[in-house]
Amino acid sequence: MQIDSTNKSSVPRWSELNMLVLDRRAFRLQVRYLSHWDEIRISKKYHNLLQFPSVLLGGVTTTTAFTTMQENTENWSVYTVVALSAGMTILASLTSYYKFNELAEQHKDAALLYEGLLNEIGAIKRRGPTDDIDFADLVLKLDNQYLKIKTNAPLLSEKLIKKHSTQ
C-alpha cells in the first residue's frame with residue numbers, strides 16, 4: 001500500500017503491482033462480458049431465423065387447409081397442406097431443440113454477473129486499500145466469484161473470446 005503524496009487527503013492507493021493484478025482480472029472479465037453479449041445477439045438471430053418462417057408457414061398452412069376443406073379440390077392441394085405442415089413442424093422442432101431464446105437469457109444472466117464483478121473491481125480500485133482485508137484475500141474472493149460465474153454460465157465460442165482478447 002502506498003500513500004499518494006500529491007493527494008492532500010492522504011488517501012491510501014494501491015501499489016502499481018496491485019493495480020496490475022486488478023487490471024488483468026478486469027480485462028479477463030471484460031472479455032467474457034463482451035463475448036456473452038455477442039452470444040446473445042447470435043442466439044437471438046438464429047431464434048428469429050427459425051421463428052419467422054415458422055410463423056409464415058403457419059399462416060399459409062391454416063389458410064390453405066381451410067380453403068381445401070371448403071372446396072373439393074385436387075390432390076395437389078392436400079399434398080401442399082401436408083408439406084407446409086411438415087415444414088412448420090420441422091422449424092418448430094428445431095426451435096424447441098436448440099432453445100436459442102433460453103440460451104440468450106442464460107448468456108444475458110452471465111453477462112450481467114460479469115458486469116457486476118467488473119463494477120466491484122472498479123470500486124475496489126477507486127476506494128483503495130483498507131485495513132480490514134488483505135490484498136491476497138481480496139484477489140482470492142474476486143477469483144472465487146469469477147469461477148462461480150464461469151462455472152454456471154453457458155459455454156462461449158473460442159472465436160469470440162479471441163476476438164475480444166485481441167481488441
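For Asp109 and His36, the side-chain atoms include no donor-acceptor pair closer than 3.5 Å. Of the N and O atoms on the side chains of Lys44 and Asn101, at least one donor lies less than 3.5 Å from an acceptor on the other residue.
Salt-bridge annotation for Asp143 and Arg28: present, with a side-chain N of the basic residue lying under 4.0 Å from a carboxylate O of the acidic one.
In this structure, Ile149 CD1 and Asn144 CG are separated by 11.0 Å, a value rounded to the nearest 0.5 Å. Distance check, rounded to the nearest 0.5 Å: CG of Leu94 to NE2 of His47 gives 12.5 Å. Going from atom OG of Ser35 over to atom CZ of Arg32 covers 7.5 Å, rounded to the nearest 0.5 Å. Here the straight-line distance linking atom OH of Tyr33 with atom CG of Leu117 works out to 13.0 Å at 0.5 Å rounding. Once rounded to the nearest 0.5 Å, the distance linking CD1 of Ile161 with OG1 of Thr166 reads 12.0 Å. Note that CG of Leu156 is 5.5 Å distant from CD of Glu39, once rounded to the nearest 0.5 Å.
A donor-acceptor contact shorter than 3.5 Å links the side chain of Arg126 to the backbone of Gly122. Judged by distance alone, with hydrogens and angles left aside, the side-chain atoms of Asn18 form no donor-acceptor pair with the main-chain N or O of Trp14 at under 3.5 Å.
Among all heavy-atom pairs drawn from Leu147 and Thr151, the shortest one is O-OG1, 2.6 Å. The minimum heavy-atom distance between Pro129 and Pro12, with the atom names listed, is CD-O, 3.6 Å. Between Met88 and Ser54 the shortest heavy-atom distance is CG-O, 3.8 Å.
Within a 6.0 Å sphere centred on CG of Leu155, heavy atoms belonging to other residues, nucleotides or ligands number 12 at most. Surrounding NZ of Lys125 are more than 12 heavy atoms belonging to other residues, nucleotides or ligands, all under 6.0 Å away.
The cluster map of Ile, Leu, Val, Met, Phe, Trp and Tyr, joined by side-chain heavy atoms under 4.5 Å apart, puts Leu142 and Phe135 in the same cluster. With hydrophobic clusters built from ILVMFWY side chains whose heavy atoms lie under 4.5 angstrom apart, Met19 shares a cluster with Leu138. Under the 4.5 Å side-chain heavy-atom criterion for Ile, Leu, Val, Met, Phe, Trp and Tyr, Val31 and Ile121 are members of distinct hydrophobic clusters. Placement of Leu103 and Trp37 in two distinct hydrophobic clusters is found when ILVMFWY residues are connected by side-chain heavy-atom separations under 4.5 Å, directly or transitively. Under a hydrophobic-cluster definition in which Ile, Leu, Val, Met, Phe, Trp and Tyr are linked whenever side-chain heavy atoms come within less than 4.5 Å, directly or via other members, Leu118 and Leu112 are assigned to the same cluster.
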Worksheet entry | Full working for side chain to side chain contact (heavy atoms under 4.5 Å, CB included) between Gln30 and Tyr114 | CA-CA 8 Å; Gln30 184 75 20; Tyr114 282 126; over 6 Å; no
Practice prompt. Could you walk me through whether His107 and Asp38 pass side-chain hydrogen bond (donor to acceptor under 3.5 Å, both in side chains), step by step?
Written response: CA-CA 9 Å; His107 282 294; Asp38 281 352; over 6 Å; no
Practice prompt. Show your working on side chain to side chain contact (heavy atoms under 4.5 Å, CB included) between Glu105 and Glu102 and close with a plain yes or no.
Written response: CA-CA 5 Å; Glu105 280 300 313; Glu102 291 174 30; 5.6 Å; no
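The shortest side-chain heavy-atom distance between Gln145 and Leu113 does not fall under the 4.5 Å cut-off.
For residues 91-100, the side-chain hydrogen bond (donor to acceptor under 3.5 Å, both in side chains) pairs, not counting sequence neighbours, are Gln51-Thr95.
Under the side-chain hydrogen bond (donor to acceptor under 3.5 Å, both in side chains) criterion, Lys141 pairs with Glu120, sequence neighbours left out. Taking the ring-ring contact (aromatic ring centres under 6.0 Å, His included) definition, one finds that Phe27 meets it with nothing, sequence neighbours left out.
Figure legend: cation-pi geometry between Arg25 and Tyr146 absent, as NZ or CZ is not positioned both under 6.0 Å from the six-membered ring centre and within 45° of its axis.
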